[in-house]
Amino acid sequence: MTEERAGAWTRTSRVISARPEELYAAFLDPTALIDWLPPAEMTGEIHEFDARVGGGYRMSLFYPPDERAFRGKTSDREDMVNVRFVELAPPRRIVAAVSFVTADPAFFGEMTMIATFEEVSGGTAVTLVCKNPPPGLRAEDNEAGSRLSLEQLARRFE
């Protein structure tokens with residue numbers, strides 16, 4: 001797994017023992033997303049889902065009741081996001097515009113998330129790039145969340 005931060009973007013990558021087609025599909029299946037995307041002990045709920053360019057989804061991520069270190073961006077225990085698909089290029093690339101549902105100006109704005117799937121020896125390199133995150137989203141938190149999500153995605157294919 002590799003991670004880097006340069007300016008206003010982060011990059012996290014992991015090789016997963018699966019075909020690009022399988023991994024791409026896991027990003028566009030709402031049931032699969034709920035299983036692997038919420039990092040660590042968080043849980044998720046999909047409110048809407050439309051897997052086409054111009055479509056997207058609205059999802060809530062919920063912090064566990066005993067979480068004390070982090071506060072939600074939408075409410076005390078919730079981060080809600082609106083995701084709009086900008087590009088869908090199966091099975092190689094997904095580009096999405098992501099915005100938090102929040103009253104906190106530190107999390108206003110739209111960031112670009114790019115997922116790529118490259119066949120390599122041993123599986124597929126899945127890379128997540130986040131460009132122009134809102135100023136309140138710390139790079140280390142974004143990288144940690146992305147790393148944990150990719151670990152959970154990998155477990156689906158073990």
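- When all heavy atoms are compared, the tightest approach of A106 to P134 is O-CB, 3.5 Å.
- D50 is not listed as a side-chain neighbour of E48, based on a closest heavy-atom distance of 4.5 Å or more.
- Atoms CG and CG, on L148 and L37 in that order, are 11.0 Å from each other to the nearest 0.5 Å.
- In this structure, the side chains of V86 and T112 stay at 4.5 Å or more apart for every pair of heavy atoms.
- At most 12 non-hydrogen atoms from other residues, nucleotides or ligands lie less than 6.0 angstrom from CD of E41.
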How far apart are the C-alpha atoms of K73 and D104, what are their side-chain angles, what is the distance that settles it, and do they pass the side-chain contact (heavy atoms from CB on, under 4.5 Å) test?
CA-CA 7 Å; K73 298 163 195 68; D104 185 341; over 6 Å; no

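- Residues E22 and I16 have side chains not in contact (no heavy-atom distance under 4.5 Å, counting atoms from C-beta outward).
- Proximity of a side-chain donor or acceptor of D79 to a complementary backbone N or O of L61 within less than 3.5 Å is not detected.
- At least one side-chain heavy atom of F62 sits less than 4.5 Å from a side-chain heavy atom of E78.
- A donor-acceptor contact shorter than 3.5 Å is absent between the side chain of T124 and the backbone of V126.
- Nearest heavy atom pair, residue D29 against residue F49, reads N-CZ, 4.4 Å.
- Contact detail for G109 and S99: the closest heavy-atom pair is O-CB, 3.5 Å.
- Separation of atoms CZ (R156) and CD (E151) is listed at 15.5 Å; rounding is to 0.5 Å.
- Hydrophobic cluster membership of M80, counting Ile, Leu, Val, Met, Phe, Trp and Tyr whose side-chain heavy atoms lie under 4.5 Å apart directly or via other members: V101.
- Considering CD1 of I46 and CG of L33, their distance stands at 5.0 Å, rounded to 0.5 Å.
- Between F117 and Y24, the ring-plane angle classifies as perpendicular under the 30° and 60° cut-offs.
- Here the closest heavy-atom approach between residue A51 and residue F85 is recorded as CA-CE1, 3.9 Å.
- Remark: N142 CG to M113 CE distance equals 6.0 Å, nearest 0.5 Å.
- In plain terms, the two heavy atoms of P38 and S149 that are nearest each other are C-OG, 4.4 Å.
- Taking the six-membered ring where tryptophan is involved, the planes of W36 and F27 are tilted, since the angle between them lies from 30° to 60°.
- Separation of atoms CG (N132) and CD (E110) is listed at 10.0 Å; rounding is to 0.5 Å.
- Not one N or O on the side chain of E87 forms a donor-acceptor pair closer than 3.5 Å with the backbone of R93.
- Considering only heavy atoms from C-beta on, Q152 stays 4.5 Å or farther from D35 through its side chain.
- R19 is linked by a side chain to side chain donor-acceptor pair (under 3.5 Å) to nothing, counting only residues two or more places apart in sequence or in another chain.
- A donor-acceptor distance shorter than 3.5 angstrom exists from the side chain of R77 to the backbone of Y63, with no hydrogens or angles considered.
- Rounding to the nearest 0.5 Å places CD1 of I114 at 11.5 Å from CD1 of I94.
- E143 and T10 form no side-chain donor-acceptor contact under 3.5 Å, judged by distance and modelled atom types alone.
- Contact of the P30 side chain with the Y57 side chain is not registered, since no non-hydrogen atoms from C-beta on lie closer than 4.5 Å.
- Nearest approach of M111 to C130, heavy atoms of both residues: SD-SG, 3.2 Å.
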